[in-house]
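Notes for the one structure printed next.
In what follows, every chain begins at residue 1, and chains take the letters A, B, ... in the order their sequences are listed.
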Protein chains: 2
Amino acid sequence: MARPPAPRGTRAATLTDVARLAGVSVATASKALNGRNHVSAVTRERVMEAAAQLSFSPNSLARGLLAGRTGTVGLLTSDLVGRFSLPILMGAEDAFGAGEMSVFLCDARGDAIRERHHVQALLSRRVDGLIVVGSSTDPRPPLAAAVDVPVVYAYAPSEHPEDLSIVPDNVGAGRMAVEHLIACGRTRIAHISGDRGYSAARDRVTGALAALEDAGLALVGDVAYGTWEEGWGRAAASMLLDREPEVDAILCGSDQVARGVLDTLRERGRRVPEDVAVMGFDDWQVMTTGARPQLTSVDMNLEELGRTAARALFEAIDAEHGRGVRTVQCRVVVRGSTAPEA
Amino acid sequence: MARPPAPRGTRAATLTDVARLAGVSVATASKALNGRNHVSAVTRERVMEAAAQLSFSPNSLARGLLAGRTGTVGLLTSDLVGRFSLPILMGAEDAFGAGEMSVFLCDARGDAIRERHHVQALLSRRVDGLIVVGSSTDPRPPLAAAVDVPVVYAYAPSEHPEDLSIVPDNVGAGRMAVEHLIACGRTRIAHISGDRGYSAARDRVTGALAALEDAGLALVGDVAYGTWEEGWGRAAASMLLDREPEVDAILCGSDQVARGVLDTLRERGRRVPEDVAVMGFDDWQVMTTGARPQLTSVDMNLEELGRTAARALFEAIDAEHGRGVRTVQCRVVVRGSTAPEA
DNA sequence: CGGCGTTCCGAAAAGGTTTTCGGAGGCTTT
DNA sequence: AAAGCCTCCGAAAACCTTTTCGGAACGCCG
């Protein structure tokens, strides 16, 4: 295989080298490479050729030092291991990549000290802006340090109302979910939620109840709060079937809870979706498509949320800084657990 | 809440400002702040105080420009969405964070063009090194561009044997898995693997067969290759039980496959682990701990792999560049599906 | 032929930090 | 008192690129 030599130690070519090889001054070389005018076509060509020959790549540090802009942003997650950060991060990376920006990734691991440390490092690197990704939709304290670049909070809004935050529309998600179940002809709908301590859980309940009321329906039983896990889904479904055997739809707080619910339903001999429709939240592919039947779920559009945050940061960098909390719409992904396969 | 003002537009304090406020030259200020000697204690104190007052933070660009080192590394993933990149990334971020390095994250999305583009951008930013994270353990082509900084390949090794690659020990993992099953008293062991196209699948088979042979045992039935998904686990288990009803342990290619196998076993009335022990691969928490019983699995130690890659890159940056493929050991995480709860 | 406009190129400054080296001052020793 | 040493500080260069501005060369018009 013809792989190019990697000359360790021979420092990278500089603009001076290019200029010398092309027989012009550095000023001319710079203008030629950056498409400025006041350079003749033939000279420009000579410079380009010299640059290619030396595989010249301009030093972004020097450029950034001069321009006052580095073309970098910091992406500060509080919990990378959770499954919500990653899609947001991908969306942001996507949006920035297209804009020729580079992303510094920092994970604070839920530790305020570490977070402050990372912010300091990012500011020292003169990032043009910051995205702070939370690990739950509960509001979080704003950054502690004095930050003189724009900041966008994603997923978890800042507690400070003047900050710009981008969050999923969980109330709307709860509403959409119930509306979908009603559209599938269900009228006796129960809700097995997740951890009551999370605003995401409570917001979805709010939306779900509102949609029921709009349709002149009432929830079957009480909202069952518990955890986000499969085991809770199995247990809660069991209790629900004992108390409210006539239920014909179960909205679950997460896909994992839904998986547990599906298990219990199968063991109890209830058919899905014929007897009971089941719906999850988060649209976690590995959970939804592995289930029998495949699981209808609400996608929070996190990748879109990440992109939105990135675009908002862009705007804040070279225009005016937005304020307040903006929401990103969720969407229902219909699969076999609510609608029979065509 | 007393939040510090964020003076947009007022450019950050520079060393010159600090020096002026402290009544010394920039040279002295620099030495004072960096702990160099040839500065009197009282002067140093005055400078520190001035720096604190202006909340001075040194411009890393200027520093990097001069030092020829930026304290940044590029982390280039080929598929961030896959679930293997993230733990590696976390391990690397962890190792670098401790060493005052910052990480540029780039996702090539499996596209060679985009990868080249990102490499160019990273080189232009003068990263001190590069970690390339693959999406499967199959060897990948080395970076196309001429790269004059150290590169470490993680998870997917480089096709070029002179490059440094850090990969999980899949052969050893297969061996450990079988050894665990044997230690649990199983002798009629079957293997429902994943996608034959992946070297990870084939390597684990190699290790598993070697361990069986060492114990004087033979595999029950043939290795069943298929996909990595739950559906395959259900189907393959069904076929296996028809053909080889006496099986007392099933080693699965992934935790998802194992979940499918567990479902089928329950439907067929086989108890786990009393009648049949089941074991997965990857130790994906949400899969293993949600299962009934909880699933024994092989953890590939990906976070450790990421840390190892980061440390190897460190060494390559300020010492000699290692060569060849290094493996990271896996480990068995025992849960209820192979060993009854104590 | 002088003046003028146009076109192209180069010198130099700027951006912020680190390092080197020389200089200033104080103190000790002969 | 002269010489020498030590401690502390500051001037200036270096890193690399971009931009500004002045200057040179040339063609054209009066």
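- For DNA chain C, the span of nucleotides reached by chain B at under 4.0 Å from its heavy atoms goes, 5' to 3', from C:dG16 to C:dT19.
- A:Arg311 and A:Glu304 are joined by a salt bridge, as a carboxylate oxygen and a charged side-chain nitrogen come within less than 4.0 angstrom of each other.
- The side chain to side chain donor-acceptor pair (under 3.5 Å) pairs that include a residue from residues 41-54 of chain B are B:Ser40-B:Thr43, where partners are two or more places apart or lie in different chains.
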- Message: For a side chain to side chain donor-acceptor pair (under 3.5 Å) check, start with the C-alpha distance between A:Asp163 and A:Ser158, then their side-chain angles and the critical distance, and finish with the verdict.
- Response: CA-CA 6 Å; A:Asp163 291 330; A:Ser158 164; 2.7 Å; yes
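- Screening residues 83-105 of chain A for ring pair (Phe, Tyr, Trp, His ring centres under 6.0 Å), with sequence neighbours left out, gives A:Phe84-A:Tyr155, A:Phe96-A:Phe314, A:Phe104-B:Phe104.
- Of the inter-residue distances, the one linking B:Asp107 atom CG with B:Glu115 atom CD reads 10.5 Å to the nearest 0.5 angstrom.
- Annotation for B:Ser85 and B:Asp79: closest pair OG-O, 3.0 Å, computed over non-hydrogen atoms.
- For the helix from C:dC1-D:dG30 to C:dT30-D:dA1, the rotation axes defined at the first and last 5 base pairs enclose an angle of 70°, given to the nearest 10°.
- The local environment of CZ in B:Arg323 is crowded, with over 12 non-hydrogen atoms from other residues, nucleotides or ligands closer than 6.0 Å.
- For DNA chain C, the residues of residues 35-50 of chain B within the heavy-atom distance limit of 4.0 Å (strictly under) are B:Arg36, sorted by number.
- Comparing A:Lys31 and B:Lys31 by the nucleotide of DNA chain D whose heavy atom lies nearest to each, the residue mapping closer to the 5' end is B:Lys31.
- Taking both residues in full, the closest heavy atoms of A:Gln329 and A:Asn301 are given as O-ND2, 2.9 Å, listed atom of the first, atom of the second, then distance.
- With values rounded to the nearest 0.5 angstrom, A:Ile88 atom CD1 is found 10.0 Å from A:Thr77 atom OG1.
- Rounded to the nearest 0.5 Å, atoms OG (A:Ser60) and CG (A:Leu65) are 12.0 Å apart.
- Here A:Asn59 does not reach the OP1 or OP2 of D:dC15: none of its side-chain N or O atoms lies under 4.0 Å away.
- Defined by atom type and a distance below 3.5 Å, a donor-acceptor pair is missing between the side-chain atoms of A:Thr72 and A:Ser102.
- Using a 4.0 Å heavy-atom distance criterion, A:Thr14 is classed as a sugar-phosphate-only contact.
- DNA chain C lies under 4.0 Å from at least one heavy atom of each of the following residues of residues 60-71 of chain A: A:Ala62, A:Leu65, A:Leu66.
- In terms of modelled atom types and a separation under 3.5 Å, the side chain of B:Asp128 and the main chain of B:Arg69 share no donor-acceptor contact.
- At a threshold of 4.0 Å, the pair B:Asp94-A:Arg109 counts as salt-bridged, since one of the basic side-chain nitrogens sits closer than that to a carboxylate oxygen.
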